[in-house]
Chemist: 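Provided herewith is a single structure, encoded as structure tokens, for subsequent inquiry.
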Amino acid sequence: MRLSVCIALTICLISTAWADDFGRPVTGEAKVTFLRAWNERLRDLRTLHMVFKQAKHLRVLRQPLTAEGELWLKGERLLYTLTNVAGDTELVVHLEKQTIRTYYPLLNTLEVFELQTGGALPQPLPFQYADPEVLLRDYAVDLFLDPTGRYTLRLIPRDAKAPLAEIRLVLRDFQPQAMVQVEKNGTRVSMDITSFTANAEFSEAQLALHIPPGTRVVHPFK
């Protein structure tokens with residue numbers, strides 16, 4: 001069963017000249033074989049727990065904003081948190097069915113996005129695709145292999161209206177090591193994945209979003 005879980009993450013435009021850093025291109029039948037093997041490993045993905053370190057690069061700042069994050073996925077439910085260097089939770093994203101809730105504890109604000117039935121969800125994480133044909137339908141896919149044996153999947157959305165310019169996922173033995181997402185507005189978020197546990201055991205309570213009384217609720221699209 002494919003997890004149809006999505007995350008909206010903002011990130012920075014990277015020059016295509018950086019492609020040399022990825023290693024040598026993998027093309028033809030070798031590329032097809034890799035994508036089939038990668039997607040075979042995703043078919044049994046029911047839940048996921050991921051821990052990562054994040055650096056967000058903005059054009060207006062010389063230094064990136066750093067944070068630590070944790071993510072839980074189960075079916076169509078998602079909980080995602082970011083903690084800043086001071087140890088404060090600064091962002092919680094909760095996705096369930098057609099509703100995305102984004103909670104900013106330091107601002108005492110909750111944003112609620114109601115998606116229309118059947119409408120397009122935000123760009124999914126690349127390891128949510130259990131069908132290579134669907135991946136190739138949504139993205140132009142390039143594959144690279146570096147001298148250390150790490151593969152890089154570079155995904156460019158085919159939808160010209162998509163806010164993302166590019167996604168890069170680094171894999172070793174099909175295990176995600178890092179991810180960079182690039183947005184057309186010139187912001188980049190890079191994730192160093194320190195723990196990636198497929199089919200992790202956790203309770204339904206772990207996916208709950210707890211909002212304290214008195215939180216300001218905003219519906220940006222209403």
Side-chain angles (χ1 to χ4, degrees), residues 1-7 9 11-12 14 16 18-57 64 66-82 123-157 164-182 188-202 206:
M1 174 180 179
R2 182 175 71 86
L3 297 176
S4 55
V5 180
C6 315
I7 279 186
L9 299 171
I11 349 190
C12 140
I14 297 176
T16 55
W18 286 29
D20 292 340
D21 297 337
F22 301 163
R24 65 174 179 83
V26 179
T27 60
E29 188 60 31
K31 175 181 173 181
V32 173
T33 299
F34 177 89
L35 291 177
R36 285 175 179 167
W38 163 239
N39 285 278
E40 278 299 320
R41 295 192 173 227
L42 297 179
R43 291 190 188 280
D44 295 328
L45 186 64
R46 301 181 306 278
T47 68
L48 171 65
H49 177 233
M50 186 171 78
V51 181
F52 57 91
K53 295 180 180 179
Q54 177 177 293
K56 183 174 183 179
H57 303 260
T66 58
E68 294 186 353
E70 197 164 3
L71 178 150
W72 295 265
L73 303 176
K74 186 175 183 180
E76 296 186 349
R77 300 180 64 192
L78 159 82
L79 185 70
Y80 163 85
T81 66
L82 274 186
Q123 290 290 336
L125 296 171
F127 39 78
Q128 296 312 117
Y129 282 89
D131 186 341
E133 292 186 2
V134 177
L135 179 69
L136 293 170
R137 181 199 66 194
D138 292 347
Y139 297 95
V141 179
D142 294 318
L143 181 65
F144 302 87
L145 175 62
D146 73 17
T148 71
R150 298 194 312 175
Y151 285 90
T152 296
L153 272 172
R154 184 173 64 180
L155 311 176
I156 299 175
L164 290 180
E166 179 178 339
I167 301 173
R168 288 183 283 137
L169 180 65
V170 179
L171 303 162
R172 184 186 295 279
D173 296 328
F174 297 103
Q175 185 78 359
Q177 304 286 301
M179 186 168 70
V180 177
Q181 294 188 348
V182 177
R188 183 177 83 251
V189 169
S190 57
M191 299 167 63
D192 178 16
I193 300 172
T194 56
S195 175
F196 185 93
T197 306
N199 298 324
E201 296 291 338
F202 50 80
Q206 180 61 64

Chemist: Given Ile193, which partner from the list Met50, Lys53, Gln175 fulfils the side-chain contact (heavy atoms from CB on, under 4.5 Å) test?
Modeler: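 With Ile193 as partner, side-chain contact (heavy atoms from CB on, under 4.5 Å) holds for just one option, Met50.
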
Chemist: Using the test side chain to side chain contact (heavy atoms under 4.5 Å, CB included), find all partners of Ala67 that sit at least two apart in sequence or belong to another chain.
Modeler: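 Ala67: side chain to side chain contact (heavy atoms under 4.5 Å, CB included) contacts with Leu82, Glu90.
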
Chemist: Aromatic rings Phe144 and Phe22: how do their planes relate, parallel, tilted or perpendicular, breaks at 30° and 60°?
Modeler: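 Phe144 vs Phe22 ring planes: perpendicular.
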
Chemist: Roughly how far, to the nearest 0.5 Å, is CG of Asn39 from CG of Leu45?
Modeler: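 Here the interatomic distance stands at 11.5 Å.
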
Chemist: With Thr148, which residues qualify under side chain to side chain contact (heavy atoms under 4.5 Å, CB included), at least two apart?
Modeler: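 Partners of Thr148 by the side chain to side chain contact (heavy atoms under 4.5 Å, CB included) criterion, ordered by chain and then number, come out as Asp146, Arg150, Arg172.
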
Chemist: Just to verify, what does Gln206 make a side-chain hydrogen bond (donor to acceptor under 3.5 Å, both in side chains) with, not counting sequence neighbours?
Modeler: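 side-chain hydrogen bond (donor to acceptor under 3.5 Å, both in side chains) check on Gln206 returns nothing, list empty.
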
Chemist: Does the side chain of Gln54 come within less than 4.5 Å of Phe52's, by heavy atoms?
Modeler: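 They are in contact (side-chain heavy atoms under 4.5 Å apart), so the answer is yes.
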
Chemist: Of all heavy-atom pairs between Ala165 and Pro157, which one has the smallest distance, and what is that distance?
Modeler: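 Here Ala165 and Pro157 meet closest at O-CD, 3.6 Å.
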
Chemist: Who are the ring-ring contact (aromatic ring centres under 6.0 Å, His included) partners of Phe34, not counting sequence neighbours?
Modeler: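 By the ring-ring contact (aromatic ring centres under 6.0 Å, His included) rule, Phe34 matches Tyr151, Phe174.
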
Chemist: Using modelled atom types and a 3.5 Å cut-off, is there a donor and acceptor pairing between side-chain atoms of Thr194 and backbone atoms of Val51?
Modeler: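 Judged by distance alone, yes, a pair lies under 3.5 Å.
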
Chemist: Can Glu201 and His49 be counted as having a side-chain donor-acceptor contact under 3.5 angstrom?
Modeler: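 Glu201 vs His49: no donor-acceptor pair found between side chains.
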
Chemist: Just verifying a value: how many Å separate Leu48 CG and Lys74 NZ, rounded to the nearest 0.5 Å?
Modeler: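 If I round to the nearest 0.5 Å, the distance is 13.0 Å.
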
Chemist: Going by side-chain contact (heavy atoms from CB on, under 4.5 Å), Val189 matches just one of Lys56, His57, Met179. Which one?
Modeler: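 Answer after filtering Lys56, His57, Met179: Lys56.
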
Chemist: What is the minimum heavy-atom distance between Phe202 and Leu73, and which atoms define it?
Modeler: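 What the structure gives for the nearest pair is CZ-O, 3.2 Å.
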
Chemist: Under 6.0 Å from the CG atom of Asp173, do we count more than 12 heavy atoms belonging to anything else shown?
Modeler: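 Count not over threshold, so no.
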
Chemist: What closest approach, in Å, do Gln177 and Leu171 show between heavy atoms, and which atom pair accounts for it?
Modeler: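 What the structure gives for the nearest pair is CG-C, 4.3 Å.
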
Chemist: Would a 4.5 Å heavy-atom cut-off, applied to side chains only, mark Asp142 and Pro25 as touching?
Modeler: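 Not in contact.
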
Chemist: Distance check, rounded to the nearest 0.5 Å: Leu71 atom CG versus Leu79 atom CG?
Modeler: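 One gets 8.0 Å once the value is rounded to the nearest 0.5 Å.
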
Chemist: Considering residues at least two apart in sequence or located in another chain, which fulfil the side chain to side chain contact (heavy atoms under 4.5 Å, CB included) criterion with Glu29?
Modeler: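 With neighbours one apart ignored, the set is Val32, Thr33, Arg36.
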
Chemist: How many angstroms lie between NZ in Lys31 and CG in Leu145, if you round to the nearest 0.5 Å?
Modeler: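 Answer rounded to 0.5 Å: 14.0 Å.
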
Chemist: Starting at OG1 of Thr47, measure out to CG of Asn199 and round the result to the nearest 0.5 Å.
Modeler: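 Thr47 atom OG1 to Asn199 atom CG measures 5.0 Å (nearest 0.5 Å).
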
Chemist: Any side-chain heavy atom of Leu164 sitting closer than 4.5 Å to one from Leu155?
Modeler: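 The answer is no, as the side chains (C-beta and beyond) never meet within the 4.5 Å cut-off.
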
